[in-house]
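All values derive from a computational prediction rather than experimental measurement. For reference, positions follow the sequence shown, starting with 1.
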Amino acid sequence: MLRHSAPVPTEVDYDHVHKAPAVLTDPRTTVAEEPGLVTKLTLREHLWSSWKKESFTICHTETKRPYALHVQGRLYNFKDRMLLRDAEGNPCAVLLKTKQKHEETLQILGLRPYVKNQEGSAHHIYDNGRIEKSSSFRSQEKSASFSSSLSSEKSDSEKQQQQQVRQDLYLWGQVVDNELDSLAFALKMRDGSKYVAEPVGHVLAPRQYRITRNGKVCGHVAQTQFFAELRGHCWNICIGPGIDPGIMIAFVIIMDEMTEY
């Protein structure tokens, strides 16, 4: 059977401890920081969920205990965004599909800077999950596509919007569609680091990827079944030491969404 050229990660690959910023991890969840220590999570898609409900659920693979992040929304519909919430339901990051120089770009935006002295992006988020583009940026465009609410109710008055707490969003990283090739994905982070997902294993088997950070293995992702179009995809994720599980989850969700459409 034909195999992809990149090798499947082994236990030895996880002896390297990465020094990646931890920005999405829930305070109650620790990042593995010892050589050989990995975090194993399962990401399951809810294909027919409504906008307000979770589009993915995340749990610890071995114990089935729910993970601290919840995912709401879709990247490929009229809203073009996903909202990541913590265990209490508070927004903590946004996945956003944009167009830049005629290329489709999927961004990870967070509520705090990824690097020191980082300026905010063109977008803001309210504590109810509503996202909008700054008026200074909107005035330069004919379209105000980012002014729609994550809620299905579009009758919110300006007075109600002003009562919501508005926070800046910061660009953490982005994936450009087909930057490498049709099979691999690259996530460029704001600090200059780069995550690359390459297909591994048998060509005709369920999809799996080796993920590296700056050339060093940091994870492995494997789809658990064929013919998932009617049930939604399910991924097992192995995350190496020093890597924020939240960033890896966001990357896998982007990869999943980009390969579906």
Side-chain angles (χ1 to χ4, degrees), residues 3-4 6-11 13-14 18 20 24-26 29 31-32 37-49 53-76 81-85 92-95 97 106 108 173 175 177 180 182-187 195-213 217-241 243-261:
R3 299 181 65 93
H4 293 286
V8 176
T10 64
E11 292 183 1
D13 290 319
Y14 295 113
H18 294 265
L24 258 180
T25 303
D26 188 276
T29 304
V31 176
L37 192 61
V38 298
T39 301
K40 295 183 178 181
L41 301 174
T42 296
L43 178 70
R44 186 178 298 276
E45 181 185 25
H46 296 280
L47 195 60
W48 305 107
S49 63
K53 295 183 179 180
E54 288 182 305
S55 49
F56 287 88
T57 53
I58 309 163
C59 69
H60 293 269
T61 302
E62 296 176 351
T63 64
K64 308 302 179 185
R65 180 169 55 87
Y67 190 66
L69 286 179
H70 306 275
V71 185
Q72 171 192 354
R74 296 287 175 189
L75 283 174
Y76 284 84
R81 69 201 64 187
M82 281 183 167
L83 183 63
L84 275 64
R85 298 181 181 272
C92 57
V94 175
L95 307 183
K97 181 164 72 74
L106 290 97
I108 304 175
V175 178
D177 191 14
L180 298 181
S182 59
L183 298 177
F185 302 88
L187 169 62
Y195 293 81
V196 175
E198 300 173 278
V200 297
H202 296 292
V203 173
L204 299 179
R207 290 176 296 165
Q208 54 178 323
Y209 296 90
R210 179 190 71 167
I211 301 180
T212 58
R213 178 180 179 271
V217 171
C218 67
H220 176 238
V221 184
Q223 189 177 351
T224 61
Q225 82 279 8
F226 272 127
F227 308 113
E229 283 71 19
L230 295 179
R231 295 178 295 169
H233 294 156
C234 183
W235 299 90
N236 284 335
I237 310 173
C238 182
I239 304 166
I243 297 296
D244 186 338
I247 294 296
M248 189 70 76
I249 289 168
F251 190 20
V252 173
I253 290 174
I254 289 175
M255 289 163 47
D256 181 83
E257 291 283 293
M258 293 179 78
T259 53
E260 273 191 33
Y261 296 92

Side chain to side chain, [X] and [Y], heavy atoms closer than 4.5 Å:
| X | Y | value |
| --- | --- | --- |
| M248 | C218 | yes |
| F56 | I249 | no |
| Q223 | H233 | yes |
| T57 | P66 | no |
| P199 | R207 | no |
| L95 | I108 | yes |
| K40 | N236 | no |
| I247 | L187 | yes |

Report the C-alpha distance between K97 and M258 in whole Å, list the side-chain angles of each, state the deciding distance to 0.1 Å, and finish with yes or no for side-chain contact (heavy atoms from CB on, under 4.5 Å).
CA-CA 10 Å; K97 181 164 72 74; M258 293 179 78; over 6 Å; no
Take H202 and R3 through the test side-chain hydrogen bond (donor to acceptor under 3.5 Å, both in side chains) and record every step on the way to the result.
CA-CA 4 Å; H202 296 292; R3 299 181 65 93; 3.0 Å; yes
Check the orientation of Y209 and W235. Use parallel for under 30°, tilted for 30 to 60°, and perpendicular for over 60°.
tilted
Report the C-alpha distance between R210 and V8 in whole Å, list the side-chain angles of each, state the deciding distance to 0.1 Å, and finish with yes or no for side-chain contact (heavy atoms from CB on, under 4.5 Å).
CA-CA 6 Å; R210 179 190 71 167; V8 176; over 6 Å; no
Distance in Å, [X] [atom1] paired with [Y] [atom2], rounded so as to fall on 0.5 Å steps:
| X | Y | atom1 | atom2 | answer |
| --- | --- | --- | --- | --- |
| E198 | I211 | CD | CD1 | 10.5 Å |
| Q72 | S55 | CD | OG | 7.5 Å |
| T212 | H18 | OG1 | NE2 | 8.5 Å |
| I243 | I237 | CD1 | CD1 | 13.0 Å |

Ignoring hydrogens, what is the shortest heavy-atom contact between [X] and [Y]? Give both atom names and the distance.
| X | Y | answer |
| --- | --- | --- |
| G246 | Y67 | N-OH, 4.3 Å |
| A93 | L83 | O-CD1, 3.6 Å |
| Q208 | G201 | NE2-CA, 3.8 Å |

I'd like to know if the side chain of H220 reaches the main chain of G240, judged simply by a donor and an acceptor atom lying under 3.5 Å from each other, with no hydrogens or angles considered.
no
Closer than 3.5 angstrom, by distance alone: can the side chain of T61 be matched with the main-chain N or O of L41 as a donor-acceptor pair?
yes
Suppose we screen for side-chain hydrogen bond (donor to acceptor under 3.5 Å, both in side chains). Which residues come up paired with T10, at least two apart in sequence or across chains?
D13
